[in-house]
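Let me begin by presenting the structure, written as structure tokens, before commenting on it.
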Protein chains: 2
Amino acid sequence: MAAKNVKTSITMQEVAERCGVSKMTVSLALRGDLKQVSQETIDHIQAVAREFGYNPGANHAARRLALKKSNQPVLNNTIGLLLWEGFYEVNYDQTLFRGVLEVLAPKYYALVLGYIRRDVQVEDLPCAFRRDEIDAFLTCDAEFGRHLLDEMCERYGFSKRPVVSMIYQHDGCSAVVPDHRMAGYLLAHHLLSLGHRHILHFADSGVSPFHPFALRLSGYRQAYQEMGLDSDTGLHYMHRGSQKDNLQACAENVLRMLDAYPDITAILAPYDEYAGVLIDVLSKHGKRVPEDISIVGLDDTDPALNEQSQNILTTVRMPLLEIGRQSAELLLQRISNEETEDITITLPVELIKRASTCPPRIK
Amino acid sequence: MAAKNVKTSITMQEVAERCGVSKMTVSLALRGDLKQVSQETIDHIQAVAREFGYNPGANHAARRLALKKSNQPVLNNTIGLLLWEGFYEVNYDQTLFRGVLEVLAPKYYALVLGYIRRDVQVEDLPCAFRRDEIDAFLTCDAEFGRHLLDEMCERYGFSKRPVVSMIYQHDGCSAVVPDHRMAGYLLAHHLLSLGHRHILHFADSGVSPFHPFALRLSGYRQAYQEMGLDSDTGLHYMHRGSQKDNLQACAENVLRMLDAYPDITAILAPYDEYAGVLIDVLSKHGKRVPEDISIVGLDDTDPALNEQSQNILTTVRMPLLEIGRQSAELLLQRISNEETEDITITLPVELIKRASTCPPRIK
DNA sequence: TTGTAAGCGTTATCAT
DNA sequence: ATGATAACGCTTACAA
């Protein structure tokens with residue numbers, strides 16, 4: 001007479017009773033373990049389970065718990081993303097994200113978003129991370145991301161999961177990156193071909209040889225070399241301001257730099273938006289682009305519009321959508337193929353010539 | 001001498017041994033149950049747990065399993081999204097999604113994306129759905145989404161979770177919607193004020209009174225009424241083609257309609273992109289917009305550009321970003337406040353006058 | 001206020 | 001090839 005007050009999900013036990021076998025047999029049969037159960041039994045039990053409405057997912061928690069004993073990592077169909085804070089407001093990050101979504105969304109993966117910020121600690125990571133529910137991670141900041149995840153695994157005794165890095169290459173991660181060196185080469189070569197010799201460029205200090213800045217710089221140098229020019233005298237270095245907010249202030253520093261070094265006739269901006277602000281600030285100070293100074297951007301994510309709403313920015317296009325897509329594909333591969341080596345995929349970039357560059361003015 | 005081969009996560013049992021209490025006390029203390037454990041004990045145990053590196057998340061699976069007995073739904077910090085297929089390619093959906101992200105991403109919720117398509121069955125739902133791991137759902141198609149989720153709960157014996165619907169209102173869901181009626185009113189009123197009397201509009205047949213089409217239509221009618229005009233003779237109905245692909249074909253049907261009813265001088269397009277295609281097709285057939293015919297869009301998501309790259313489309317702007325944000329906020333509320341009633345939030349819309357409308361030509 | 005026992009649904013181990 | 005038993009780590013119910 002004890003009526004169940006709440007209908008709950010079907011268990012293996014119930015399927016077993018229905019079939020007149022033990023729940024152990026059901027467990028093995030549902031996993032299709034041919035070594036331990038006969039094909040006949042498997043077929044029968046699977047049919048009954050289906051008809052009965054058994055839902056293998058419903059008790060995933062029990063499965064996870066049981067599997068702890070044998071220390072087997074369990075797949076949860078969940079992927080962790082470590083993205084820059086506010087990624088949904090930035091063209092660059094949005095495009096990467098969209099590429100990732102295009103691949104993962106149709107596969108019904110759960111996506112857990114974590115933010116990359118310098119002050120993030122292990123405790124601040126999304127709770128799904130700390131539950132060890134993530135099958136693999138995708139990060140846009142390989143160095144910091146890898147560090148954070150390693151610390152988490154260490155602290156909580158988790159086994160390591162595959163990590164794929166977008167844009168940056170780093171030890172211990174697979175990566176999908178644009179050809180940073182080629183990007184630098186194409187831009188510098190373009191400016192040198194136009195006749196520019198003294199060019200301003202930007203960098204951060206103390207970066208690893210695989211950092212985009214370092215790779216780009218080696219591309220610049222190669223372009224000089226190939227033309228028989230000395231890059232040490234031609235390339236004028238400037239530290240990129242680290243704050244995105246005071247782009248304006250950075251641009252004014254550039255103005256001073258240009259006044260101090262009147263030989264400079266072209267600028268390799270660190271990214272498109274930076275180039276756009278430079279164009280604005282320079283024109284407000286009476287320097288026309290490109291007549292007085294040529295400027296190139298990087299990424300082809302943010303246009304620099306003239307009065308006719310046309311994008312005038314000469315730049316290198318990064319295959320961001322494709323990087324997002326291939327990163328996700330690579331991640332899925334890494335999840336299914338247990339023990340493979342980390343690999344790096346480099347995707348080609350393309351010079352987009354527009355109207356922000358022209359031959360230098362003869363002085 | 002039995003060295004553990006693999007370091008695994010700390011359990012309550014280990015914390016209990018360290019403190020010299022039972023694991024039961026640890027369980028109660030970590031949850032801060034003041035009715036059963038003294039403050040003193042709680043503080044001590046919590047301190048030891050923290051120092052010891054106990055991670056409450058690490059054994060979430062065990063917690064879920066244990067809680068099944070008492071049939072308590074467990075929160076997983078996971079939200080299910082039911083979006084239109086390919087949402088990342090459509091301005092409209094993208095904007096909604098971005099609003100949702102802005103709110104949920106900083107809270108580190110796991111997002112599970114499911115697609116809305118007519119042929120989706122319960123079995124096709126993301127496996128996180130079928131694991132009953134979703135705290136609440138956000139859907140952009142309340143009718144179908146609700147139906148699908150109800151069927152899932154029924155089939156698998158899950159308890160129902162809160163559902164928030166975006167754009168559409170529906171029984172059994174909270175909702176955040178734009179003021180569809182007002183949108184219709186503003187557009188019709190705008191056209192009538194310019195002097196148009198015979199206006200073409202679009203609809204789907206057999207929709208509920210809360211469907212956007214129905215609400216918009218009542219807005220159109222109100223505009224006619226307020227001016228003392230008869231909407232039955234003024235409004236010319238046309239069935240909206242259901243396929244997004246053959247917008248071109250739909251537009252050609254409109255051409256025929258206009259030839260058949262030469263009184264018609266204005267069109268209330270069902271959405272911006274539709275309006276854009278109409279403008280193209282009409283102009284290719286020698287009808288200029290707005291000189292020969294006025295056209296208004298809806299949503300303000302897709303511009304109709306002229307040769308000068310200016311958006312000429314008069315339309316009503318939907319607060320999509322805000323709908324996304326507030327839907328997510330509402331969802332979070334519904335997760336924390338157990339038993340509250342469903343509510344609907346209606347957000348204001350705004351008429352954006354541009355150059356695709358003008359007074360009708362005197363015949 | 002604290003401890004003991006039982007059970008959530010699964011899987012691994014060992015027996016048959 | 002199949003079954004019995006003991007975990008996995010937690011929580012509720014009840015006993016002390």
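Sequence lines set the chain letters: A, B, ... in the order given, protein chains first and strands last, and positions in each chain run from 1. The figures here come from the full heavy-atom set of this structure, side chains too, leaving out hydrogens, waters and symmetry mates.
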Side chain of B:K23 (C-beta onward), nearest among D:dT11, C:dT10, C:dA12: D:dT11
Sugar-phosphate, base or nothing in reach of A:R31, heavy atoms under 4.0 Å: sugar-phosphate
Whole-Å gap separating P (D:dA1) and CD1 (A:I45): 13 Å
Side-chain N,O (B:S27) to OP1/OP2 (D:dC10) below 4.0 Å: no
Whole angstrom value for the distance that separates C1' of D:dC8 from CG of A:N71: 11 Å
Considering all heavy atoms, the nearest A:N76-A:T78 contact: O-OG1, 3.0 Å
Of the listed nucleotides D:dT12, C:dG3, C:dT11, the one nearest the side chain of B:S22: C:dG3
Nucleotide C:dG9, atom P - distance to CZ of B:R131 in whole Å: 17 Å
Note: B:D132-B:R161 ion pair, threshold 4.0 Å (strictly below): yes
Selection from C:dT11, D:dG9, C:dT2 that lies nearest to any side-chain heavy atom of A:M24: C:dT11
Gap between atoms CG and P, on B:L67 and D:dC8 respectively (whole Å): 20 Å
Enclosure of A:E143 CD (heavy-atom neighbours >12, cutoff 6.0 Å): no
Nucleotide of C:dC8, D:dT11, D:dT2 approaching A:T41 most closely (side-chain heavy atoms): D:dT2
Distance, rounded to the nearest Å, where B:L30 contributes CG and D:dT11 contributes P: 8 Å
Exceeds 12 heavy-atom contacts within 6.0 angstrom, atom CD of A:E102: yes
Residue closer to the 5' end of DNA chain D, A:V21 versus B:T11 (nearest nucleotide): A:V21
Interatomic distance where CE belongs to A:M12 and P belongs to C:dG7 [whole Å]: 20 Å
More than 12 heavy atoms of other groups within 6.0 Å of B:F210 CZ: no
Side-chain-base donor-acceptor pair under 3.5 Å for A:K69 and C:dA12: no
Atom-to-atom span, CD of A:Q36 to P of D:dT2 - whole angstrom: 10 Å
N or O in side chain of A:Y54 less than 4.0 angstrom from C:dT10 OP1/OP2: yes
side-chain contact (heavy atoms from CB on, under 4.5 Å) assessment of A:Y88 paired with A:L83: CA-CA 10 Å; A:Y88 37 75; A:L83 302 173; over 6 Å; no
Side chain of A:T25 (C-beta onward), nearest among D:dG3, C:dA12, C:dT10: D:dG3
Among C:dA12, C:dT11, C:dG9, the nucleotide that comes nearest once only the side chain of A:R63 is considered: C:dT11
Comparing B:L65 and B:G20 on DNA chain C - which has the more 5′ nearest nucleotide: B:G20
Under 4.0 angstrom between B:Q72 side-chain N/O and C:dC8 OP1 or OP2: no
Spacing of A:D33 atom CG relative to C:dA12 atom P, expressed in whole Å: 9 Å
